[in-house]
Trainee: 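After the structure tokens below, expect a handful of questions from me.
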There are 2 protein chains.
Amino acid sequence: MIVLDYRDKRPLNEQVAEKIMNLIAQGGLSPGEKLPSVRNLAVDLSVNPNTVQRAYSALEEKGYITTVTGRGNYVSEERNWKEGLKSEMLTEVRAVIGKAKSAGIKLDEALTCVREVFERD
Amino acid sequence: MIVLDYRDKRPLNEQVAEKIMNLIAQGGLSPGEKLPSVRNLAVDLSVNPNTVQRAYSALEEKGYITTVTGRGNYVSEERNWKEGLKSEMLTEVRAVIGKAKSAGIKLDEALTCVREVFERD
DNA sequence: ATGAGTGTATTAAATGTCTTAATACAGTTA
DNA sequence: TAACTGTATTAAGACATTTAATACACTCAT
């Protein structure tokens, strides 16, 4: 389900959260679907349960999953996270484009670059 | 010349390097111009000389500055860093746009977002 | 009710990176 | 020669991440 990258310098809990978030955003995990338990996923990833729990807490905070004590974690309905996700993405895009602009990238170059990414299948 | 942001969680040496890189890329520092000495900048920023040195080493590695032992650090000619900078920026743009795409952002939304950033003065 | 499985919380220790500090050495320049 | 440059090394501290070992509360099937 998930593969961690130990060359990546970001914290493991962030990596776990992001990878699950991506799965949810792309439909690899559907609303209502149950996630692995904290302990099971920890074993799968060869990681401490605390690390998984921090990932799950972050995901719940952002509305991607719903936690029920004693039962488990479930993927939330799209309406709970779709808007937040989009605005988060657009904020990131603005930051990077602003950086590219001040580094001398021209509007046309940026637009072409964006189109190329979207043309990829 | 530079103001550090202690809320930023990135290492100080990276922040210093990036801010100087931005100054160079935007012409705030011109090719041939001399940079503050390691020790002076360290005092200005209330930071350890080692921290500044690491920033300068990184900048030299990427071709933004030229180091002459005993003399100081000087901004390199544009040809030494312009292409590298542009390709680095485009790589970042591709990464973020790819992420935004897989999160459900549409091509038109991305293009509009990019244009808006460039319309800002 | 009991037991297995769930999420949650706490505390301590280990680890690794960043940063500081104190030096030392080598090259340049007035 | 003196004062400035960059470079290198070692030690110590601060800090965040991660692990580890527990403990507690809730849910569910039996």
Side-chain angles (χ1 to χ4, degrees), chain A residues 1-21 24 29 31-76 80, chain B residues 1-21 24 29 31-76 80:
Chain A
M1 179 188 187
I2 288 182
V3 179
L4 293 177
D5 177 5
Y6 280 90
R7 291 165 308 178
D8 192 327
K9 59 194 169 191
R10 288 178 315 161
L12 297 178
N13 58 59
E14 280 183 28
Q15 281 189 56
V16 174
E18 190 188 75
K19 285 174 194 296
I20 294 178
M21 186 266 275
I24 294 175
L29 287 169
E33 194 165 341
K34 185 172 184 179
L35 294 163
S37 76
V38 170
R39 289 171 178 82
N40 279 345
L41 184 53
V43 171
D44 278 6
L45 301 178
S46 299
V47 128
N48 193 278
N50 291 336
T51 301
V52 174
Q53 161 132 16
R54 281 177 201 115
Y56 278 7
S57 295
L59 289 169
E60 196 197 15
E61 181 133 19
K62 292 190 174 180
Y64 293 106
I65 70 177
T66 303
T67 298
V68 186
T69 298
R71 293 208 56 204
N73 293 275
Y74 301 85
V75 178
S76 300
N80 289 305
Chain B
M1 180 188 186
I2 289 180
V3 178
L4 294 176
D5 178 5
Y6 281 91
R7 291 164 308 179
D8 192 328
K9 60 194 170 195
R10 288 178 314 161
L12 296 178
N13 60 58
E14 280 183 28
Q15 281 189 56
V16 174
E18 189 189 76
K19 285 174 194 297
I20 293 177
M21 186 265 276
I24 294 176
L29 286 169
E33 194 167 340
K34 186 173 184 178
L35 294 163
S37 75
V38 170
R39 289 171 178 82
N40 278 346
L41 184 53
V43 171
D44 278 7
L45 301 179
S46 300
V47 129
N48 194 278
N50 290 336
T51 301
V52 174
Q53 161 132 13
R54 281 178 199 115
Y56 278 7
S57 296
L59 289 170
E60 195 196 16
E61 181 133 16
K62 291 190 175 180
Y64 293 106
I65 69 178
T66 303
T67 298
V68 187
T69 298
R71 294 206 57 203
N73 293 276
Y74 300 85
V75 178
S76 300
N80 289 304

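Numbers restart at 1 for each chain; the letters A, B, ... are given by sequence-line order, proteins then strands.
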Trainee: Does some side-chain heavy atom of A:Thr67 sit less than 4.5 Å from a side-chain heavy atom of A:Tyr56?
Mentor: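 The answer is no, as the side chains (C-beta and beyond) never meet within the 4.5 Å cut-off.
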Trainee: When the nearest nucleotide of DNA chain D is assigned to A:Asn13 and to A:Arg39 on a heavy-atom basis, which residue is associated with the more 5' position?
Mentor: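 Nearer the 5' end of the strand: A:Asn13.
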Trainee: Any side-chain to backbone donor/acceptor pair from B:Gln15 onto B:Asp5? Under 3.5 Å, distance only.
Mentor: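 Looks like yes, one N/O pair under 3.5 Å.
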Trainee: Within the structure provided, determine whether A:Val16 and A:Leu59 are in side-chain contact (heavy-atom separation under 4.5 Å).
Mentor: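 Answer no - side chains too far apart.
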Trainee: By nearest nucleotide on DNA chain D, pick out whichever of A:Gly70 and A:Arg10 is the more 5' one.
Mentor: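 Nearest-nucleotide comparison on DNA chain D picks A:Arg10.
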Trainee: Does the pair A:Thr51 and A:Asn13 meet the rule for a side chain to side chain donor-acceptor pair (under 3.5 Å), with working shown?
Mentor: CA-CA 5 Å; A:Thr51 301; A:Asn13 58 59; 5.9 Å; no
Trainee: In whole angstrom, give the distance that lies between atom CG of A:Leu41 and atom P of C:dT8.
Mentor: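 Roughly 14 Å, once rounded to whole Å.
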Trainee: Go through DNA chain D in 5' to 3' direction and return only the first and the last nucleotide with some atom under 4.0 Å of chain B's heavy atoms.
Mentor: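 Answer, 5' to 3': D:dT5 to D:dT9.
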Trainee: For B:Leu45 and C:dT20, give me the distance from atom CG to atom P, rounded to whole Å.
Mentor: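 Computing the B:Leu45:CG to C:dT20:P distance gives 10 Å.
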Trainee: In Å, rounded to the nearest 0.5 Å, how long is the span from CD1 of A:Ile20 to CE of A:Met1?
Mentor: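 The distance works out to 5.0 Å.
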Trainee: Listed by chain and number, what are the salt bridge (Lys or Arg N to Asp or Glu O under 4.0 Å) partners of B:Asp44, not counting sequence neighbours?
Mentor: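 Once residues adjacent in sequence are excluded, B:Asp44 has no partner under the salt bridge (Lys or Arg N to Asp or Glu O under 4.0 Å) criterion.
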Trainee: In residues 49-64 of chain B, which ones come under 4.0 Å of DNA chain C, going by heavy atoms?
Mentor: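 Those residues whose heavy atoms fall under 4.0 Å from DNA chain C, taken from residues 49-64 of chain B in numerical order, are B:Asn50, B:Thr51, B:Arg54.
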Trainee: Just so I know, are the side chains of A:Leu41 and A:Leu35 near enough to count as touching, which here means a heavy-atom distance under 4.5 Å?
Mentor: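 The answer is no, as the side chains (C-beta and beyond) never meet within the 4.5 Å cut-off.
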Trainee: Phosphate oxygens OP1/OP2 of C:dG5: is one of them under 4.0 Å from a side-chain N or O of A:Arg71?
Mentor: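 A:Arg71 to C:dG5 OP1/OP2: no side-chain N or O under 4.0 Å.
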Trainee: What integer distance in Å separates A:Asn48:CG from C:dT15:P?
Mentor: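 About 15 Å, once rounded to whole Å.
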Trainee: Between B:Asp8 and B:Arg10, what is the shortest heavy-atom contact and its length?
Mentor: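 That closest heavy-atom pairing would be OD1-N, 2.9 Å.
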Trainee: Figure out the CG/C1' separation between A:Leu35 and C:dG7, and round it to whole Å.
Mentor: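 Taking atom C1' of C:dG7 as the reference, CG of A:Leu35 is at 13 Å.
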